[in-house]
Colleague: 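Okay, here's the structure, questions in a sec.
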Amino acid sequence: MSISRRSFLKGLLASSGAALVGPGLLQVAHAATAEEAGKWKVSGSHWGAFRARVYAGKVQEIKPFNVDKYPTDMLNGIKGIIYSPSRIRYPMVRYEWYLNRDKSDTTKRGDNRFIRVTWDEAITLFHDELERMQTQYGPWALHAGSTGWRQTGQFHACGNHMARAIAMHGYSVNKVGDYSTGAGQTIMPYVLGTTEVYAQGSSWPVILKESKTIILWADDLVKNLQVGWNCETHESFEYLEQLKDKIAKKEIRVISIDPVVTKTQDYLDCEHQYINPQTDVPFMLAMAHTLYKEELYDKKFIDTYALGFEEFVPYLLGETKDKVEKTPEWASAICGIKADDIREFARLLVKQRTQIMVGWSIQRQQHGEQPYWMAAVLATMMGQIGLPGGGISYSHHYSSVGVSSTGAAGPGGFPRNPDKPDNRIHKNQDFNGYSSTIPVARWVDCILEPGKKIQANGATITLPDVKMMVFSGCNPWHHHQDRNNMKKAFHKLETVVSIDFTWTATCRFSDIVLPACTQWERNDLDLYGSYSARGVIAMHKLVDPLFQSKTDFEIFALLAGKFGQQQDYTRGKTEMQWVEELYNDCATANKAGFEMPDFNTFWKEGFVDFGKGEDWVRQADFREDPEINALGTPSGFIEIFSRKIDRYGYKECQGHPMWFEKSERSHGGPGSDKHPIWLQSCHPNKRLHSQMCDSQQFRETYTVKGREPIYLNAQDAQHRGIKSGDLVRVFNLRGQLLAGAVISKNYPTGVARIEEGAWYAPIDESIGSLDTYGDPNTLTQDIPTSELAQATSANTCQVEYEKFTGKVPAVTAFNGPNEVA
Ligand SMILES: Nc1nc2c(c(=O)[nH]1)N[C@H]1C(S)=C(S)[C@@H](COP(=O)(O)OP(=O)(O)OC[C@H]3O[C@@H](n4cnc5c(=O)[nH]c(N)nc54)[C@H](O)[C@@H]3O)O[C@H]1N2
Ligand SMILES: Nc1nc2c(c(=O)[nH]1)N[C@H]1C(S)=C(S)[C@@H](COP(=O)(O)OP(=O)(O)OC[C@H]3O[C@@H](n4cnc5c(=O)[nH]c(N)nc54)[C@H](O)[C@@H]3O)O[C@H]1N2
Ligand SMILES: [Mo]
């Protein structure tokens, strides 16, 4: 957290009033009629906070939480998660592995043949394998670090449970970064001084009041604000509604720069600037060129607040590097926007107060660092950074960013680290010359190319020889790229352990699978409103853990028990004692600004609401005094040129933003002769990644012939003899899948979308096997953004598709393991 943000929060705390406890929920409970038999309980999820009616030991009905005035229809998918046919019922072990352990035939991994074992045997096997890694190899052989979108709830945050238990046993390989913003969070500290992607943005009321133009750059707010990191209450949608109104009244112009007509554009009824995929940098460079040539840029702002413009301009003018002048004519041929339109757009940016909002998808492509850096340079030339309603943000589509924060502290979580690090069972910290920390998206490379040296953010990383992986709260057989490459890697792994509540493809490719329970089968608490810190919500256990599932807390306590440290792991406390303690700690932290009721009152009422925060303008303090409120960059100023990055000497991320051609690109780019269609794998409209894909009835509201939809352009489809509702085979040299055609006017020629998170469903475990449901990562490539971030490049992906005419295979994703008796 930057200093300015911290002092902002402090200010808020000092001026805020008392918290209120709402009576609404109890009234609802008392009002329950006979037809509504049962008890209303409060809980939540990434899709929204809610109340659930529980009767006869079953969740019967779900209604949005009081505060949530814009609930999403994904609440209709919740019951289907709890009662999914894919639920993991018992601890299971891969049959072939059960017989032969680390000598097992790993090419059979993924054949989905499993045998049921008792909890005690499963935990013993898990523990034995951890022991074997530490004694036979060393800490470099174990990677248990990959984390993802674990369910809401601070105490049960499953990554913490795994991390703590594993660390109490010994050291292991760690990771940095994440799949969401790997490139953005690495480049932006060099440029604007914070990750930007996880920073609170200017408040919506300020933007609505002051902005005359809003640029949505690859930014689908309406789709992506449906989910939040904490229990979401969708406060942003109130402002989106006001924005829609202002657009209709022509008070604000909103332009969406996107190859696709987004859900946001449809909702707001705003303008669209089409752009060829992956070519935002040429468009930005040409606008910078126009501002420079026409002397429309803010020289004074650059002089006062930025460094390195002199190093950048010669590149713009074609005097250095590629020796190409970045004229609108040059850019037009790449990005597909007419040169005159580029000039007009540039003039518009500086004509009046303009707020740029950048989404994250364009940094999830090869050289994803560049559009982020270049957008900051453009915003610097515009000179509006730090002004109300002006400047640039990289986070307004995420977790209620832009809803002003109350400044209240949220509840803490279960501790990730051991209380007594010296008590580790295995104290060996010798990584055998390998690096102990890797960039998160490079773990498959470790398995395939151990010992290889790569560059990452100024360091040299030696990829460790990983032999065992443990996954909890993440689904790498959804989130990682290039399934067939992953199969090759998994042939080399000795042991894979998965802890999940649903039988994902990751479980299918594991050796030991442990059934966790869902968040609705345990007691917890969480923040609601994410960045707004709107309140604290109780997450009442709705039903007991189904089948033999257990909470992650219980599972890892059992593991710690195997090495005699259960008491240290739990600190001798039960679930409810932990929940109460986290609540009380939170109340203490908020004492100065918000009075919170005692725990029992909170638990009975179900929530504590902190009210609304005060409006705020991002970077206003820096604008006011760049010396006192210096940015977190090496120089304290905006860095158009980064000496530090320049000194790394990287090829694909140099001292200032540049255009690099992609390894694959549509509209005449590399690879488009054989595979002309750009496949984007955006975030799902009706899921959170792979979560909820197993919610059967809800899934059936969007599938086509039981398959994941592929959204297609009409001309492209017609050209291939395809109609909406047809099954299509989508393929490239990396893989093939079946999907159901949905022709949509929102998609331009050369562009198709399959939403990420569709469950991987291969016919069998062989390499190249047809995916019967439609996971886009069957087709994506596993290459880094650059030597700087080493982040995922999922959106650099070309494919071809055809009508599927063969014998239609059944979908293999959702029926759990084939149990060997
Ligand atoms: N092609 C392509 N790939 C992408 C992306 C893309 O845009 N395109 N986006 C990337 C991004 S941004 C992200 S964030 C990742 C997301 O990748 P992940 O975070 O791995 O995706 P999820 O589907 O949310 O997987 C979470 C898993 O954890 C399990 N789980 C949830 N809660 C618990 C719990 O309490 N205990 C246990 N034991 N398990 C639990 C769920 O059942 C689920 O299987 O995907 C990345 N992959
Ligand atoms: N409903 C829902 N919401 C979510 C999530 C979810 O799974 N479901 N996941 C959450 C998470 S973990 C994350 S990381 C965020 C992801 O947030 P983002 O990464 O921002 O979201 P995406 O949906 O992948 O892409 C946003 C837009 O970028 C456009 N786009 C893609 N490539 C290009 C390009 O080359 N140029 C231009 N100009 N536009 C391009 C797409 O067409 C799309 O409209 O969303 C969060 N919100
Ligand atoms: Mo993400």
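Counting convention: from 1, in listed order, for ligands and their atoms alike. What's counted below: heavy atoms across the whole structure, side chains too, no hydrogens, waters or symmetry copies.
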Colleague: Please state whether Arg150 comes within less than 4.0 angstrom of ligand 1, counting heavy atoms only.
Modeller: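 True for this residue.
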
Colleague: Could you find the nearest protein heavy atom to atom 41 (C) of ligand 1 and give me its residue, atom name and distance?
Modeller: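 Checked against all protein heavy atoms, atom 41 (C) of ligand 1 sits closest to Asp500 OD1, 3.5 Å.
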
Colleague: Decide whether the shortest distance between a heavy atom of His480 and an atom of ligand 1 is less than 4.0 Å.
Modeller: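 No heavy atom of His480 comes that close to ligand 1.
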
Colleague: Within 45° of the ring axis of Phe556 and under 6.0 Å from its six-membered ring centre, is that where the NZ or CZ of Arg164 lies?
Modeller: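 Because its charged atom misses either the 6.0 Å distance or the 45° angle limit, Arg164 does not stack over Phe556.
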
Colleague: Atoms of ligand 2 less than 4.0 Å from Arg364 heavy atoms?
Modeller: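 It comes down to these atoms of ligand 2: 14 (S), 16 (C), 18 (P), 19 (O), 24 (O).
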
Colleague: Of the backbone atoms (N, CA, C, O) and the side-chain heavy atoms from C-beta on, which set of Ala516 has a member under 4.0 Å from an atom of ligand 1: side chain, backbone, both, or neither?
Modeller: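 Under 4.0 Å from ligand 1, Ala516 contributes side-chain atoms alone.
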
Colleague: Under a 4.0 angstrom heavy-atom cut-off, which atoms of ligand 2 come close to Trp678?
Modeller: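 Counting atoms of ligand 2 from 1, those under 4.0 Å from Trp678 are 31 (C), 32 (N), 33 (C).
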
Colleague: Between His478, His156, Met162, flag the one that comes closest to atom 21 (O) of ligand 1 by a heavy atom.
Modeller: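 Closest candidate by heavy-atom distance is His478.
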
Colleague: How about Glu271 and Ser256: does a side-chain donor come under 3.5 Å of a side-chain acceptor?
Modeller: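 Per modelled atom types, Glu271 and Ser256 side chains form no pair under 3.5 Å.
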
Colleague: Would you mind listing which atoms of ligand 2 come within a distance below 4.0 Å of any non-hydrogen atom of Gln278?
Modeller: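 Counting from 1, the qualifying ligand atoms are 34 (C), 35 (O).
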
Colleague: Check each of Val227, Thr72, Asn276, Leu225 against atom 4 (C) of ligand 2 and report the one with the nearest heavy atom.
Modeller: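 Selected option, by shortest heavy-atom distance: Val227.
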
Colleague: May I ask you to identify the nearest protein heavy atom to atom 43 (C) of ligand 2, giving residue, atom name and distance to one decimal place in Å?
Modeller: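 Checking every protein heavy atom, the shortest distance to atom 43 (C) of ligand 2 gives Asp258 OD2, 3.5 Å.
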
Colleague: Nearest non-hydrogen atom to atom 31 (C) of ligand 2 belongs to which of Ser361, Ser256, Pro684, Ala794?
Modeller: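 Comparing heavy atoms across Ser361, Ser256, Pro684, Ala794, the nearest one to atom 31 (C) of ligand 2 lies in Ser361.
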
Colleague: Step through it carefully: locate the ring centre of Trp229, locate the ring centre of His46, and say whether they are under 6.0 Å apart.
Modeller: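 Ring centroids of Trp229 and His46 are less than 6.0 Å from each other.
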
Colleague: Applying a strict 4.0 Å limit to heavy atoms, is Gly757 in contact with ligand 1?
Modeller: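 Per 4.0 Å heavy-atom rule, Gly757 does not contact ligand 1.
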
Colleague: Tell me the protein heavy atom at minimum distance from atom 23 (O) of ligand 2, and give that distance in Å.
Modeller: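 Checking every protein heavy atom, the shortest distance to atom 23 (O) of ligand 2 gives Lys223 NZ, 2.6 Å.
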
Colleague: Does ligand 2 have an atom under 4.0 Å from some heavy atom of Gln363?
Modeller: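 The answer is no, since Gln363 has no heavy atom less than 4.0 Å from ligand 2.
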
Colleague: Any donor-acceptor pair under 3.5 Å linking the side-chain atoms of Asn795 with those of Gln366?
Modeller: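 There is no such pair (donor and acceptor under 3.5 Å, judged by atom type) between the side chains of Gln366 and Asn795.
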
Colleague: Using non-hydrogen atoms of the residue, decide whether Ser472 is closer than 4.0 angstrom to ligand 1.
Modeller: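 Within the 4.0 Å threshold, so yes.
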
Colleague: Which residue holds the protein heavy atom closest to atom 36 (N) of ligand 1, what is that atom called, and what is the gap in Å?
Modeller: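 So the nearest neighbour among protein heavy atoms is Asp552 OD2, 2.9 Å.
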
Colleague: Just which atoms of ligand 2 are under 4.0 Å from any heavy atom in Gln365?
Modeller: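 Checking each atom against Gln365, I get 35 (O).
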
Colleague: Can you name the atoms of ligand 2, numbered from 1 with element, that are less than 4.0 Å from a heavy atom of Arg753?
Modeller: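 The atoms of ligand 2 under 4.0 Å from a heavy atom of Arg753 are 41 (C), 42 (O), 43 (C), 44 (O).
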
Colleague: What residue among Phe814, Tyr773, Trp503 forms ring-ring contact (aromatic ring centres under 6.0 Å, His included) with Trp759?
Modeller: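 For Trp759, the ring-ring contact (aromatic ring centres under 6.0 Å, His included) test succeeds with only one of Phe814, Tyr773, Trp503, which is Phe814.
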
Colleague: Quick test: of every protein heavy atom, which one is nearest to atom 20 (O) of ligand 2, and how far off is it to 0.1 Å?
Modeller: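 Answer, as residue, atom name and distance: Trp360 N, 2.8 Å.
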
Colleague: Considering the heavy atoms of Gly359, write down every atom of ligand 2 situated less than 4.0 Å from one of them.
Modeller: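 Those qualifying, in numeric order: 20 (O).
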
Colleague: Return the closest protein heavy atom for atom 19 (O) of ligand 1 as residue, atom name and distance.
Modeller: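 The protein heavy atom lying closest is Trp149 N, 2.7 Å.
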
Colleague: Check ligand 2 against Thr262 and write out every atom of the ligand that is under 4.0 Å from a heavy-atom position of the residue.
Modeller: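 In order of number, 44 (O).
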
Colleague: Return yes if a side-chain donor-acceptor contact under 3.5 Å exists between Glu369 and Ser786, otherwise no.
Modeller: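 Judged by distance alone, the side chains do pair up.
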
Colleague: Check for me whether Arg522 has a heavy atom closer than 4.0 Å to any atom of ligand 1.
Modeller: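 The answer is yes: ligand 1 sits under 4.0 Å from a heavy atom of Arg522.
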
Colleague: Of the protein's non-hydrogen atoms, which lies at the shortest distance from atom 33 (C) of ligand 2, and what is that distance?
Modeller: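 Looking only at protein heavy atoms, the one closest to atom 33 (C) of ligand 2 is Ile362 CG2, 3.5 Å.
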
Colleague: At what distance is the nearest protein heavy atom to atom 9 (N) of ligand 2, and which residue and atom is it?
Modeller: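 Checked against all protein heavy atoms, atom 9 (N) of ligand 2 sits closest to His683 ND1, 2.9 Å.
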
Colleague: For atom 17 (O) of ligand 2, grab the closest protein heavy atom and report residue, atom and distance to one decimal in Å.
Modeller: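 Answer for atom 17 (O) of ligand 2: Asn224 ND2, 3.1 Å.
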
Colleague: Are any of the N or O atoms of Gln481 closer than 3.5 Å to those of ligand 1?
Modeller: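 So ligand 1 has an N or O lying under 3.5 Å from an N or O of Gln481.
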
Colleague: To check your reading of the model: name the closest protein heavy atom to atom 7 (O) of ligand 2, its residue, and the distance in Å.
Modeller: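 Looking only at protein heavy atoms, the one closest to atom 7 (O) of ligand 2 is His689 N, 3.0 Å.
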
Colleague: What are the atoms of ligand 2, with element, lying closer than 4.0 Å to any heavy atom of Ile275?
Modeller: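 Within the 4.0 Å cut-off of Ile275, ligand 2 contributes 38 (N).
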
